[in-house]
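Read through the structure below, which is laid out as C-alpha cells, and then see the notes.
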Amino acid sequence: MAATRTLVRPAPQNPRLTVPEVDIRICLGTGGVAAGSREVLKAFEEELARQDVLAVIRPREDKCEGRTVSVTGTGCQGLCAMDPLVEIHLRRNGKSSKVTYGLVTPAMVPEIIEKHILGGEVIKKWLVLTDEGPTEYNPFYDAQEKLTLRHVGIIDPEDIDDYLEAGGYQALYKVLSEMTPAEVIDEIKRSGLRGRGGAGFPTGQKWEFAAGYQSPDGVKYFICNGDEGDPGAFMDCSALEGEPHAVFEGMAIGAYAIGASVGYMYVRAEYPLALRRIKIGLEVAEERGLLGDNIMGSDFSFHIKLKEGAGAFVCGEETALMQSIEGDRGMPRLRPPFPAESGLWRRPTNINNVETLAVVPWIITNGAAAFAARGYENSKGTKVFALAGKVNRTGLAEVPMGMTLREVIFGIGGGVKKGKKFKAVQMGGPSGGCLPESLLDLPVDYETINKTGAIVGSGGMIVIDEDNCIVDTARYFLSFTQSESCGKCPPCRIGTKRMLDLLTKICEGKGTLADLDFLEKMAEQVKIGSLCALGGTAPNPVFTALKYFRDEFEEHVVDKRCRAGICTALVTYSIDPEACTGCRACVRVCPTEAITGERKEAHVIDNELCIKCGACYEKCRFDAVRRS
Amino acid sequence: MLTDAERLRIEETFALYESRSASAVDGLLIIQQSRGWVSDEALADLAQFLAVSTHSLESLASFYSMIFRHPVGRHVIMVCESVCCWIAGSAELTAYLNDRLSVGLGETTADGRFTLLPVVCLGACDRAPAMMVDGRLHGPVVAADIDSILSQYP
C-alpha cells in the first residue's frame with residue numbers, strides 16, 4: 001500500500017502575497033449568521049469603501065496585492081452568546097494587536113472603522129477580548145485548548161488555500177509518504193483517542209478491526225457520521241461549517257489505515273450551511289488531487305460521497321445510518337455482525353463521528369504522545385463541549401478531558417443565567433442523565449460520568465435551573481425519545497410510551513408512590529430489551545432524575561406539589577395581603593377575572609376561576625403573588 | 001411523469017451507490033425540490049423509474065420527516081422542539097405561531113404562504129429558541145420578533 005511514487009506535497013495555489021495590515025474576521029457560523037453577521041460583513045464592506053479604505057473582502061481574489069485591509073468570513077468563533085463576533089488584527093509600526101468585539105451590529109461598524117481601524121483606539125464598551133489585559137470573557141477562552149477546532153473561527157471555510165496555508169493536508173501527506181496503514185492505526189491507538197460521538201469506543205481499535213476484515217471484492221467503506229441529532233450538542237455542525245477539510249483529511253487518513261476506497265459523509269438536512277460548505281470543499285479537494293484518484297500522486301485513491309439525511313433522529317445510530325445510505329428506512333439492525341465485519345452493503349465498514357475525525361490530522365502531525373499528554377486517565381486529549389440551556393455564556397468550549405463539571409459550567413460558562421440557582425446539568429442529551437450540584441466536582445471523563453448514570457455522550461451540557469421541574473424535564477425527554485423511536489422493537493416502541501404516560505400522570509398530580517417504583521422497573525426493562533442505543537439509553541434521564549431528585553418526584557405524588565411551579569395541575573396561586581399594594585395590575589392581566597379587590601386594598605385570587613396561567617405572578621412588581 | 005431534468009438529476013445519484021434502489025430517498029428529495037412536495041402520482045412515477053414498489057417508497061416517505069406527502073406553503077417554518085429550545089420557551093413560540101397563522105403543527109395557512117412544522121434539533125442550541133424558515137436560521141426568537149421575521153417571507 002505504501003507509496004511507490006514521488007508524492008506532491010500539498011500547497012496553496014494562491015498564497016497570500018502580503019500580510020494585511022488590518023485583518024478582520026467575522027463569524028459566519030450558523031449562529032453568527034442568525035445573529036446578523038452577514039449584515040455586519042456587508043456593513044464593513046460598504047463602510048470601508050465609503051471611507052476610501054483600500055480593502056479586499058475575499059482576500060484570495062486578487063491576492064491582497066497592495067491592499068491593506070482584509071475581511072474574512074470564518075466559522076464559529078466559540079462564544080456564541082456574544083455573536084456576531086468580530087476579531088480585528090492590526091499590524092502597524094512593527095506592533096501587532098488582536099481585539100474581539102461582541103454583539104456587533106451594522107450600526108457599530110462606522111465607529112469601529114474610524115476609531116479602531118483608522119485611529120488604533122480600542123472601543124472598550126463593545127470589547128470581548130483583547131491581548132492587552134483580561135476582560136470578563138477571558139475565563140471562557142483561557143481554559144480552552146483547541147486541537148479539534150484548531151482553525152475553526154480563524155480560516156475561511158470556503159477557501160481551501162486558507163486551510164492549506166494553515167498546514168492542512170500535511171498530515172495526509174505524511175501518512176501517504178512515510179507511514180504504513182498499520183503504523184497509522186498504531187499511532188491513533190497510542191494517542192488514546194476515543195469516539196466523540198457518544199459511546200467513547202477507542203478509535204484506533206475500531207480501525208484495527210475494520211482493517212482486519214477482508215472484503216470479497218476489495219471494497220471497504222469509511223463513513224463519517226454527521227447526523228448530529230443529539231439535542232444540546234452542536235460541535236459537529238460547527239466543525240463542518242468552520243473547517244470541513246479537516247474532517248475530509250481525517251477520513252482520508254482513516255480510509256488509508258483500513259484500506260477503504262470509498263467514503264460517505266452522512267449529514268443531516270437540518271444543517272444547510274454545513275452541507276453547502278462540504279459540497280464546495282469536496283469539489284475543490286478532488287480538483288486539487290487531495291481526494292479522489294491517486295491522492296497527491298500516490299497509489300491511494302479515496303472518493304468521498306455526500307449523503308444528505310432526510311430527517312430522522314435515529315439515523316445517528318450507526319446501523320440505522322447505513323440502512324439509510326442503502327436507501328431503506330433508517331432502522332437499526334442487530335449487532336453482531338459489527339460494521340467492521342459486515343457493514344454498508346455487507347462490506348467491511350468503519351464509522352466515526354465528525355469531531356473524532358477532525359482531530360485525527362492533529363494527532364498525526366503532532367504525534368500520539370502530545371495528544372495522550374492531555375486529558376485524564378483513560379480519557380485522553382481534548383473534547384469539545386457545548387454549553388446550552390440556562391448558562392450565561394452559551395457556546396462551544398474545547399478543553400482537556402478531566403476538567404471538572406464545575407470548572408466547565410461555572411468557570412467557562414460563567415454560571416447560571418439571571419443569578420438563578422443551579423439545579424442540574426443534563427449530560428449526553430436524551431440518552432444521558434441529569435446530575436445535581438453535589439456531583440459538580442467530578443472530572444469529565446468517560447468512566448467517571450458513566451458511573452453516575454449519565455454519559456459524556458457527544459458533549460452537550462444543558463444547564464437546568466430552579467425554574468425547571470425535574471419531573472417535567474424527564475417527561476419531556478421521554479416524549480422526545482418516544483416520538484423518535486423507529487418502532488422496530490417493542491421495548492422501545494411500547495416501553496417509552498408507557499413511561500411517558502406514567503410521567504405525564506405524575507405531572508398531572510395523579511401519580512402515586514407505587515407509580516415511581518413501576519416507572520423504575522419499566523425503565524429497567526426498556527434498557528435491557530431494546531435493540532439499539534436509542535431505546536437502551538432512553539431511560540437514562542429517568543434513572544438519574546429518580547436517583548438524584550427523588551424528593552422532587554415524591555413531592556409531586558405525595559404532597560401534590562411542584563416546587564418549580566411548572567406542573568400547572570399542582571400549582572396554586574395566592575396573594576400575600578401584607579405585600580400587596582392594591583395596584584390592580586394583576587386584576588387587569590387576569591384572563592378569567594379570578595382576581596378581585598379594590599384599589600389600595602389587598603387583592604384575592606378565586607382558585608375556582610383561576611386557570612393557573614401565571615400572568616399575575618409575572619406581572620406583580622411587589623412579589624405579592626405567591627406560587628406554591 | 002418525471003420531467004427530463006428530474007430524471008437526469010436522479011440518474012446522477014446512481015453513481016453514489018451500489019444499487020439503483022438506494023437512490024430512492026434522493027429521488028424523493030429531488031422531486032420535492034422541483035415540485036414542493038411528493039404527490040401520489042409522482043411517487044408512482046419514481047417507483048417505476050427505480051423499479052421498486054410504490055409501497056416501499058411510501059414507507060420511506062412516511063419514515064423521513066423532511067419528505068412532504070402533502071402540498072406545503074411557499075415557505076416552510078420549522079420550529080425546533082429540542083430540549084434547549086424547549087427550556088427556552090419553544091412551546092410559547094409555537095403557540096404564538098399557531099395563533100398568528102391560524103394553523104397547527106403540520107398544517108398550511110389558508111393563503112398557501114406558510115407551512116408550520118416541528119423539527120427535532122436545528123443544532124442551534126446556543127440560539128434557543130430557534131426556528132428555520134426556508135433553510136435560514138432565526139434565533140433566539142421571542143414572540144415579539146415573529147411578525148417582523150414573517151414579513152421577510154412574502
Side-chain angles (χ1 to χ4, degrees), chain A residues 30-31 33-35 80-81 83 219 228-234 236-238 264 268-274 305-313 315 324-331 344-345 347 386-390 394-396 426 429-430 460 462 464 468 473 476-477 480 483-484 486, chain B residues 13 15-30 32 50 52 56-68 78 80-88 90-91 117-128 130-141 149:
Chain A
T30 288
V33 171
C80 305
D83 266 330
V219 177
E228 175 182 58
D230 202 357
F234 47 99
D236 291 353
C237 180
S238 175
Y264 283 95
R268 46 203 310 261
E270 290 87 342
Y271 289 175
L273 187 61
K305 300 171 180 183
L306 174 62
K307 169 79 184 177
E308 182 176 334
F313 172 75
C315 287
S324 184
I325 294 178
E326 290 180 19
D328 286 325
R329 291 167 76 109
M331 305 222 284
L344 194 60
W345 285 293
R347 307 294 203 286
L387 285 160
K390 305 276 184 74
T394 55
L396 292 176
Q426 176 77 21
I462 304 161
I464 295 167
N468 298 114
T473 307
Y476 168 81
F477 279 118
F480 179 90
S483 76
E484 291 304 326
C486 78
Chain B
T13 68
L16 293 175
Y17 311 111
E18 288 197 12
S19 71
R20 198 175 254 230
S21 61
S23 291
V25 178
D26 301 274
L28 291 166
L29 288 171
I30 286 166
Q32 184 166 300
L50 296 177
V52 297
S56 76
L57 271 192
E58 180 69 89
S59 88
L60 288 176
S62 63
F63 183 84
Y64 293 102
S65 61
M66 305 283 265
I67 292 166
F68 309 144
M78 296 194 293
C80 184
E81 288 193 328
S82 156
V83 59
C84 299
C85 291
W86 176 72
I87 286 178
S90 62
L117 296 174
V119 65
V120 170
C121 181
L122 292 171
C125 313
D126 52 320
R127 307 207 70 79
M131 65 183 208
M132 193 175 262
V133 189
D134 299 346
R136 188 164 155 221
L137 187 80
H138 297 273
V141 183
I149 293 173

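To find a chain, count down the sequence lines: A is the first, B the second, and so on, and within it residues start at 1.
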[Y] and [X], any side-chain heavy atoms less than 4.5 Å apart:
{"X": "A/Val33", "Y": "B/Leu137", "value": "no"}
{"X": "B/Cys121", "Y": "A/Phe313", "value": "no"}
{"X": "B/Ser21", "Y": "A/Glu326", "value": "no"}

[X], part contacting chain A, at a heavy-atom distance under 4.5 Å:
{"X": "B/Ser62", "answer": "side chain"}
{"X": "B/Ala130", "answer": "neither"}
{"X": "B/Leu29", "answer": "side chain"}
{"X": "B/Val119", "answer": "side chain"}
{"X": "B/Val25", "answer": "side chain"}

Would a distance-only check, ignoring hydrogens and angles, find a side-chain to backbone donor-acceptor pair under 3.5 Å from [X] to [Y]?
{"X": "A/Tyr476", "Y": "B/Val83", "result": "yes"}
{"X": "B/Ser82", "Y": "A/Pro231", "result": "no"}
{"X": "B/Arg127", "Y": "A/Ala34", "result": "no"}

Interchain contact, [X] with chain B, by part (heavy-atom threshold 4.5 Å):
{"X": "A/Leu396", "result": "neither"}
{"X": "A/Ser324", "result": "both"}
{"X": "A/Ala386", "result": "neither"}

* Asked: Who pairs with A/Tyr271 by ring-ring contact (aromatic ring centres under 6.0 Å, His included), at least two apart in sequence or on another chain?
  -> none

* Asked: If you measure from CH2 on B/Trp86 to OG1 on A/Thr473, what distance do you get to the nearest 0.5 Å?
  -> 4.5 Å

* Using the six-membered ring wherever Trp is involved, compare the ring planes of B/Tyr17 and A/Tyr264 and label them parallel, tilted or perpendicular (cut-offs 30° and 60°). => parallel

